[in-house]
There are 2 protein chains.
Amino acid sequence: MDELDAPRNGHQAGRRDGRPPERQPVTLDAVARLAGVSPATASRALNGTARVREELRARVRAAAEALGYIPNAHAQALAGSASSTVGVICHDVGDPYFAAIASGVMAAAAERNLLVLLSSTFREPGREIAYLSMLRAQRARAILLIGSGIQDRAWERALDTELAPYLREGGRVAVVSRHRSLRVDAVLPGNRTGAAALARALVGLGHREFAVLAGPSALTTVADRVAGFRAGLAEAGVELPASRVVRGAFTRDGGHAAACELLDGGGPLPTCVFAVTDVMAVGALAALRERGLRIPEDVSLAGFDDVPLVRELTPALTTVALPLPEMGRAALDLALREPRGERVRVERFAGEVVVRGSTRVVP
Amino acid sequence: MDELDAPRNGHQAGRRDGRPPERQPVTLDAVARLAGVSPATASRALNGTARVREELRARVRAAAEALGYIPNAHAQALAGSASSTVGVICHDVGDPYFAAIASGVMAAAAERNLLVLLSSTFREPGREIAYLSMLRAQRARAILLIGSGIQDRAWERALDTELAPYLREGGRVAVVSRHRSLRVDAVLPGNRTGAAALARALVGLGHREFAVLAGPSALTTVADRVAGFRAGLAEAGVELPASRVVRGAFTRDGGHAAACELLDGGGPLPTCVFAVTDVMAVGALAALRERGLRIPEDVSLAGFDDVPLVRELTPALTTVALPLPEMGRAALDLALREPRGERVRVERFAGEVVVRGSTRVVP
DNA sequence: TCGCTTTCAGAAAGCGCTTTCTGATACGGT
DNA sequence: ACCGTATCAGAAAGCGCTTTCTGAAAGCGA
């Protein structure tokens, strides 16, 4: 006999791959059997769905404990009880803006014992649609769209054809930031008013010559902030020519590139530069410094969002503070709250202007 | 007739809540019926599981398209095909360190068409266990533990009792950072060697008097970085007394508090402070400045991780750069790769010392 | 032409739960 | 003692898929 060649793993013949044998997960049936009750009773005892004699309930509980029973969420979802996951779609969790909002969503989800299916689109619109479809397949109880909508007919239509059936099937949707075409609950940061207030504050500091580092014009967030900023300046009789609005990607490097373009444009140097997001402002800060400009002595810089690290910069960044985690939390609350009637609900979060060292007073 | 009182919503009687009627989702049966085939054939046609006559396949595809069919992931998972979700547990997505790693995981997951169930424990060990259990219930294909293990018997045991059954049932697990007790695949940042290299670099700059701002001592990451730093100093004959290691929470504010404690401790001011993470270093930077100390003229400061924004600080932070997104990606790869044999696999990522402006040369 | 294999579609079993329906038992009122 | 009514446990029917099993039809050589 070549007993010696036999797999080590005595009790499971034929295993040659050296992997440990896979055990089947414990099912409700096993628990019921051990407790000496029917699966129906076991289910009721564990979930408290209906009255079960105290003695049986204890026996079931004990059996579940002893076997290390964990219910199969897929079976539960399939059998009709609502799924316990919510979907969150954002552009990039690596970006501090989204990370902060996501963090708030996670906290709120944890309180409700919900699991979060998070997805990053990496700013590819196609991926957003694909994720939506996957979240529908998962029967996510709610879907949160974090980040501004794109003002583009084709994209809006594609989004709607995914979302409409989901809503009809009882799904809940909420967005953070404005989506032009979506009739769903929304958490709206005060982009316009915040930018306008910032403009007023900067004018108050004595600035008259501005430039704006903007993101892609199709993003509602960009459109609103630029419009608000321009409106705020207009109030004070200051004009912002279109030539002073430079576009770049919605990232640190985008801000850097936009700032370079501004400086290379050859126009007169503004006394103050407004980057529509803090992340872009960080890139701009680097670019301005690389050109030998001192902040704020040679040029002032302001951002928007107040993401965690910008107050630590030297000089600290003047910006419009948004309560990012609270906004994430609010979005989940909104999506999960029972809708009353047809009306969409909107929750607004005002931005607060925080003047720090990156903007100087112009004499 | 009180026709006028009737609900607006003509085609679905009895609705008084003003909500639109909920439609049932389209099922595979509906698709099959429309295509004039059996559900079995429809399934095979859609999934390409087996050969189906081309004409039928086309008919099924068309029917699915026409009805907007989306398979029910729960039913699919239940019927035996592997689930398409992976679980990721980290301490806090709002922290740039975890956000960067998570970002890499998301990218890798997207390539494989997997959905990521992300959870933040907010540093409560109990929640980690609870999440693990929820991820098991979801039959996640793999579970990634991001962040260092806690050296605590009770916690380690609790973790193991969740993980062991999961592994036995065929689940895959990988960790980022060292876990003392876990025999699973791991992505290991070069904490010891990186910290040692940093120590050598700082000594090379002329520093001899050091202090360390450390996190909770139970975290393996903290233990390894402190040990490595100390070892690196020892090589150069520099000693780091225990009294010069100050503990704080693993956050920005923890770094701030630790720095304050150091300054209030009354000992001589070190020429260089090493915070075991960049996030803590940021807090320390603020604290040192509040006390009127200039960086690096009065005291040098170094961190670890090279999270996105610290290179933008003024002065930019000297640190040990870790390829965070790549580490996240590697963790997912590791967990998903078919295991060969019993051995756990370990992927190491060396840290690279990046000397920037926050550390000066001591004459 | 017959009997064999091969190809492909349908029937049906089941994945692990929840929930409705049914039935047994105990209780109270008359 | 009897009947109506609660109360609680079990039987069984799904939830929407995948997959095995079964069977019909077609193709081929003898």
Side-chain angles (χ1 to χ4, degrees), chain A residues 22-61 63-64 67-85 134 136-139 141 169-170, chain B residues 22-61 63-64 67-85 134 136-141 165 169-170:
Chain A
E22 276 183 26
R23 217 186 42 181
Q24 290 305 307
V26 178
T27 68
L28 183 62
D29 275 19
V31 173
R33 223 171 308 127
L34 179 60
V37 301
S38 73
T41 301
S43 169
R44 288 186 281 238
L46 258 15
N47 300 322
T49 326
R51 296 200 57 74
V52 175
R53 213 178 345 137
E54 190 45 52
E55 180 219 339
L56 289 193
R57 172 188 302 271
R59 251 168 44 207
V60 172
R61 286 250 177 84
L67 295 176
Y69 170 68
I70 292 203
N72 183 323
H74 294 303
Q76 291 193 144
L78 191 55
S81 93
S83 106
S84 58
T85 57
M134 293 176 79
R136 283 223 279 152
Q138 296 286 338
R139 300 296 186 264
R141 195 190 291 185
E169 289 156 13
Chain B
E22 275 182 26
R23 219 187 40 184
Q24 290 304 309
V26 178
T27 69
L28 183 61
D29 274 21
V31 174
R33 220 167 314 126
L34 179 60
V37 301
S38 73
T41 301
S43 170
R44 287 186 282 242
L46 257 17
N47 300 322
T49 327
R51 296 201 55 75
V52 174
R53 216 181 336 138
E54 189 46 51
E55 179 219 340
L56 290 193
R57 171 186 305 273
R59 247 165 48 204
V60 172
R61 286 248 177 83
L67 296 177
Y69 170 68
I70 292 203
N72 182 323
H74 294 302
Q76 291 192 145
L78 191 56
S81 91
S83 106
S84 57
T85 58
M134 293 177 78
R136 284 224 278 150
Q138 296 287 338
R139 300 295 185 267
R141 195 192 290 186
E169 289 157 12

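Reminder, nothing fancy here: chain letters follow the sequence lines and each chain counts from 1. Keep in mind that what you see is a predicted model, and the values were worked out from it rather than measured.
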Could you go through nucleotides 22-24 of chain D and list every protein N or O atom that sits under 3.5 Å from one of its N or O atoms, giving the distance for each pair?
none

Expressed in angstrom and rounded to an integer, what is the separation of [X] atom [atom1] from [N] atom [atom2]?
| X | N | atom1 | atom2 | value |
| --- | --- | --- | --- | --- |
| Asp29(B) | dC17(D) | CG | C1' | 9 Å |
| Asn47(A) | dT18(C) | CG | P | 5 Å |
| Arg139(A) | dC17(D) | CZ | C1' | 11 Å |
| Leu46(A) | dT18(C) | CG | P | 8 Å |
| Arg33(A) | dC17(C) | CZ | P | 11 Å |
| Asn72(A) | dC15(D) | CG | C1' | 13 Å |
| Leu28(B) | dG14(C) | CG | P | 20 Å |
| Tyr69(A) | dG16(C) | OH | P | 10 Å |

With a 4.5 Å heavy-atom cut-off, do [X] and [Y] have their side chains touching?
| X | Y | value |
| --- | --- | --- |
| Arg139(B) | Pro25(A) | yes |
| Asn72(B) | Thr27(B) | no |
| Leu28(B) | Leu46(B) | yes |

Reading DNA chain C from 5' onward, which residue's closest nucleotide shows up sooner: Gly80(A) or Ala75(A)? Ala75(A)

Terminal axis angle for the helix from dT1(C)-dA30(D) to dT30(C)-dA1(D), five pairs an end, nearest 10 degrees: 50°

Judged by atom type as modelled, is there a donor-acceptor pair below 3.5 Å linking the side chain of Arg44(B) to the main-chain atoms of Thr49(B)?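 Not at all, since once roles are kept as given, no pair shorter than 3.5 Å links the two residues.
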
Verify, without hydrogens or angle tests, whether Arg141(A) (side chain) and Ser84(A) (backbone) share a donor-acceptor contact under 3.5 angstrom.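 Such a contact is absent between Arg141(A) side chain and Ser84(A) backbone.
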
What distance separates Arg57(A) CZ from Thr41(A) OG1, expressed to the nearest 0.5 Å?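 Arg57(A) CZ to Thr41(A) OG1: 11.0 Å, rounded to 0.5 Å.
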
Straight-line distance of Arg23(A) CZ to Glu169(B) CD, nearest 0.5 Å: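 These two atoms lie 6.0 Å from each other.
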
Base versus backbone protein contacts along nucleotides 6-12 of chain C [heavy-atom cut-off under 4.0 Å; B, S, -]: --SBBB-

What's the closest nucleotide to the Ser43(A) side chain, out of dT19(C), dC15(D), dC17(D)?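 The closest nucleotide is dT19(C).
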
Which part of the nucleic acid, if any, lies within contact of Pro25(A), taking any heavy atom under 4.0 Å across all strands shown: a base, the sugar-phosphate backbone alone, or nothing?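 Touches nothing.
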
For His74(A) and Leu78(A): C-alpha separation, side-chain torsions, deciding distance, then whether side chain to side chain contact (heavy atoms under 4.5 Å, CB included) applies. CA-CA 6 Å; His74(A) 294 303; Leu78(A) 191 55; over 6 Å; no

